[in-house]
Amino acid sequence: MAFLQIAEPGQSDAPHQHRLAAGIDLGTTNSLVATVRSGVAETLPDEDGEHLLPSVVRYTPDGVIVGAAARDAGVEDPHNTIASVKRLIGRGVDDLKTLGDALPYRFVDSGSAVPRIQTVAGPVSAVEVSAEILRVLAQRAEKTLGGELTGVVITVPAYFDDAQRQATKDAAKLAGLKVFRLLNEPTAAAVAYGLDREADGVHAIYDLGGGTFDISVLRLNRGVFEVMATGGDSALGGDDFDRAVAGWIMQQAGIGGDAAPGLLRALMDKARAAKEALAGRASVPVAVDLPDGGKWEGQLDRETFNTLVDPLIRKTISACRRALRDAGVTPEEVKDVVMVGGSTRALRVREKVGEFFGTEPLVDIDPDRVVAIGAALQADVLAGNKPEDEMLLLDVIPLSLGIETMGGLVEKIIPRNTTIPVARAQEFTTLKDGQTAMAIHVLQGERELVSDCRTLARFELRGIPPMVAGAARIRVTFSVDADGLLHVEAEELSQGVKADIEVKPSYGLTDEEIADMLKSSIEHAGEDLEARRLAEQKVEAARVVEALQSALAADGDELLDGNERERVEAALDELRRVAESATDAEAIKRSIGALEKTCEFYVERRMNSNIRKAMAGHKVDEFE
Ligand code: ADP
Ligand code: MG
């Protein structure tokens, strides 16, 4: 398994040549791109010197606008201006209800499971909107670096499910980008601080943005990051601070809740400005034009602000406590707390977080850029620019995965917060005499009842030999790869009939839809496939090399003379060399074949010798 994790497709075969790669923080409010140049990771600005690209896309009859210009048009052209698309990506029509009716868009009633927003440029999906943002960032990187990117690392929240991860990858594909891998945002932040080079220990990543709060607990174990637990609140952030401050202004200025929407928006803007200014001052002036033509002027001091936001901060601390409990550690065991997200600039947040964990939080890297910087460092490694320094990043699955059993119950096969990649198997049996098929219903969620969990996939295992009920043994194996994507296999153990499924996210794009949109990037798909085959053959070569080495160690001296051993070792070295330098899977396959041929005689001798050993002391007829 360890070998699989580091054999990322795209890892360089020619380490001397610097390959261009970038890390992308695809955020709800803002997105960033960063790269490593001369050994230093930094975010890249646009022509105006802005690092943050507002994650807003506006569709017009003349084309697509991304960024600040799109954001500023949001009020006048709400139907064609898509903001916070990250809340929609990988979500289905059914999920829209739970997202609240705050969404100002017109959704197409297409009958498809993927929601599409009606714009003047036609209907668009969240994947397509996200692809526009990624395209702008990739172009920025290519322009700055002066060449084409070989690949990117894109960050996603640790709690993103399969559908959301797959949809993010689809968006990258649509933008013509090769994704080395998706990386959890907290893991990226830890990498940015170089915590991977410190002594082993537990770290917490506290990410308070505009609309969301995420807490992640990571453990560094012999240079490897493992996400032990995640938690948070998807509806808690700096916007709530703004609302609290705006409410205070209204109270002080005697403005009623029935004020015009324009005034309320203006109050929110004032509140936000005052909040942000307080990070550098003890008190800030606030002035508001009243509806009756008058003016209210006052001062927001830090003490008042603290009273207003303390209940919100307390909520984040409760989530931290729960995440630590999930991880099985105490606050004292946490060595470092990394601060991420614009709202961690608020001094009160730093103070309360420091109090809870009993340590001064890390704030040296700009909390807006820290995730992109970590992603860039990881992209640089995966591009093959640092072959010595293979960094292994482990994440956890955010929600339990299981299958439906008798009575509409869910049997969890991989519990939430298990470190990935992971494979777990469980045995099941038939319910009826002579049953020859079994329906496998794959689910995600924490609840016990099927109806409360989310369906990820359904498939059938057929060809079970008829037996009495309860006699058949069906092994169901769940494996989740390093990107968090699930593969499920069911096998009947007496005859070995198998069925399996790659879990397609239930609300991702259909294959046809992707194919349609991908006409232009078919070459990339070919490359992806070849890269995967190459990675697979490298894994196979490693397996063969290891098997042969352990055989040689066990009985090489006993079974081979000097000449024979030399021949075997020469073939072994050859395979090692080929596997290391090959750029096509076929070459490795041929070399494995050659090695097997060379070793045929040795394998035969081992078999004979093993049989002799097994039979020693037994009479031959015992084996009949
Ligand atoms: P997101 O992760 O949702 O994209 P960000 O990490 O960019 O959001 O954080 C945006 C939030 O940070 C906004 O609510 C903004 O008001 C807040 N913020 C920015 N600067 C400060 C500051 N100096 N003090 C308090 N909050 C701030
Ligand atoms: Mg963020």
Side-chain angles (χ1 to χ4, degrees), residues 24-34 43 50-57 66-68 70-71 74 82-89 102 130 133 137 154-160 168 184-186 188-189 192 205-216 232-246 265 267-284 286 300-302 304-306 308-310 312-313 316 338-353 361 363 365-375:
I24 295 180
D25 173 1
L26 186 59
T28 310
T29 321
N30 295 302
S31 297
L32 292 103
V33 60
T43 55
E50 295 295 334
H51 290 250
L52 294 174
L53 176 73
S55 307
V56 184
V57 179
V66 180
R71 181 194 56 198
I82 324 280
S84 302
V85 71
K86 192 172 177 177
R87 287 186 186 273
L88 288 178
I89 200 160
S130 304
I133 300 168
L137 293 170
I154 301 177
T155 56
V156 293
Y159 58 78
F160 255 27
T168 304
N184 282 345
E185 288 161 9
I205 318 299
Y206 180 102
D207 180 352
L208 190 60
T212 55
F213 169 62
D214 297 303
I215 176 72
S216 312
D233 188 334
S234 59
L236 178 62
D239 299 345
D240 298 289
F241 287 25
D242 300 347
R243 255 186 292 275
V245 173
R265 199 161 35 238
L267 283 175
M268 285 291 281
D269 289 345
K270 298 259 183 222
R272 173 196 276 243
K275 167 191 80 174
E276 294 182 2
L278 262 187
R281 277 183 281 172
S283 155
V284 291
V286 186
L300 175 66
D301 60 27
R302 213 171 263 161
T304 310
F305 176 73
N306 292 352
L308 291 169
V309 298
D310 273 351
L312 299 166
I313 300 175
T316 69
V338 178
M339 297 299 249
V340 183
S343 297
T344 62
R345 289 208 184 85
L347 299 179
R348 186 62 160 185
V349 172
R350 297 179 178 182
E351 193 180 312
K352 288 290 171 191
V353 170
V363 295
I365 304 178
D366 185 331
D368 290 326
R369 304 187 192 177
V370 62
V371 167
I373 285 172

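For the single chain, residues carry numbers from 1 onward in sequence order. Order of appearance sets the numbers: ligands from 1, and atoms from 1 within every ligand.
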Undergrad: Heavy-atom contact under 4.0 Å between Ser343 and ligand 1?
TA: yes
Undergrad: Show which atoms of ligand 1 fall inside a sub-4.0 Å distance from at least one heavy-atom site of Ala346.
TA: 24 (N), 25 (C)
Undergrad: Just which atoms of ligand 1 are under 4.0 Å from any heavy atom in Arg272?
TA: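 What qualifies from ligand 1 is 15 (C), 16 (O).
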Undergrad: Would Glu185 and Lys86 count as a salt bridge (charged side-chain N to carboxylate O under 4.0 Å, His left out) here? Give the steps.
TA: CA-CA 14 Å; Glu185 288 161 9; Lys86 192 172 177 177; 2.8 Å; yes
Undergrad: I need the minimum non-hydrogen distance between Leu32 and Ala372, along with the two atoms involved.
TA: CB-CB, 3.9 Å
Undergrad: Using the test side-chain contact (heavy atoms from CB on, under 4.5 Å), find all partners of Pro367 that sit at least two apart in sequence or belong to another chain.
TA: Thr344, Arg345
Undergrad: Where the closest heavy atom to atom 17 (C) of ligand 1 is concerned, which of Gly342, Pro367, Gly27 has it?
TA: Gly342
Undergrad: Report yes if the side chains of Val349 and Met339 come closer than 4.5 Å at any heavy-atom pair, otherwise no.
TA: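 SC-SC contact between Val349 and Met339 confirmed.
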Undergrad: I'd like to know if the side chain of Asp366 and the backbone of Asp368 have a donor-acceptor N/O pair within less than 3.5 Å.
TA: yes
Undergrad: Give the atom numbers and elements of ligand 1 that come within less than 4.0 Å of a heavy atom of Gly341.
TA: 6 (O)
Undergrad: Do NZ/NE/NH1/NH2 and the carboxylate oxygens of Arg272 and Asp269 come within less than 4.0 Å?
TA: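 No, Arg272 and Asp269 are not salt-bridged.
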Undergrad: One residue to check: Asp368. Relative to ligand 1, which of side chain, backbone, both or neither has a non-hydrogen atom less than 4.0 Å away?
TA: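 Contact part for Asp368 vs ligand 1: side chain (C-beta onward).
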Undergrad: Does ligand 1 come near enough to Ala279 that some N or O of the ligand is less than 3.5 Å from an N or O of the residue?
TA: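 Looking only at distances, the answer is no, because the N/O contact criterion of under 3.5 Å is not met.
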Undergrad: Does the distance from a Lys or Arg side-chain N to an Asp or Glu carboxylate O, for Arg71 and Glu50, drop under 4.0 Å?
TA: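 A salt bridge is absent here (no side-chain N lies under 4.0 Å from a carboxylate O).
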Undergrad: Only one of Leu278, Thr304, Asp240, Leu308 forms a side-chain contact (heavy atoms from CB on, under 4.5 Å) with Val245, so which one is it?
TA: Leu308
Undergrad: Going by the closest heavy atom to atom 11 (C) of ligand 1, which one wins out of Ser31, Gly238, Gly210?
TA: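 Looking at heavy atoms only, Gly210 sits closest to atom 11 (C) of ligand 1.
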Undergrad: Output yes when the distance from some N or O of ligand 1 to some N or O of Asp207 is under 3.5 Å, and no in every other case.
TA: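 No, since none of the N or O atoms of Asp207 sits under 3.5 Å from an N or O of ligand 1.
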Undergrad: State whether the shortest distance between N or O atoms of Lys275 and N or O atoms of ligand 1 falls below 3.5 angstrom.
TA: yes
Undergrad: What part of Glu276 sits under 4.0 Å from ligand 1 if we count only heavy atoms: the side chain, the backbone, both or neither?
TA: both
Undergrad: Going by the atom numbers of ligand 1, which of them fall below 4.0 Å from some non-hydrogen atom of Arg345?
TA: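 Per the distance check, 19 (C), 20 (N), 21 (C), 22 (C), 23 (N), 24 (N).
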Undergrad: Within ligand 1, which atoms have a heavy atom of Asn30 less than 4.0 Å away?
TA: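 Reading through ligand 1 atom by atom, the close ones are 4 (O), 7 (O).
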Undergrad: Considering all heavy atoms of both residues, which atom of Ile215 and which atom of Gly232 are nearest to each other, and what is their separation?
TA: CG2-N, 4.0 Å
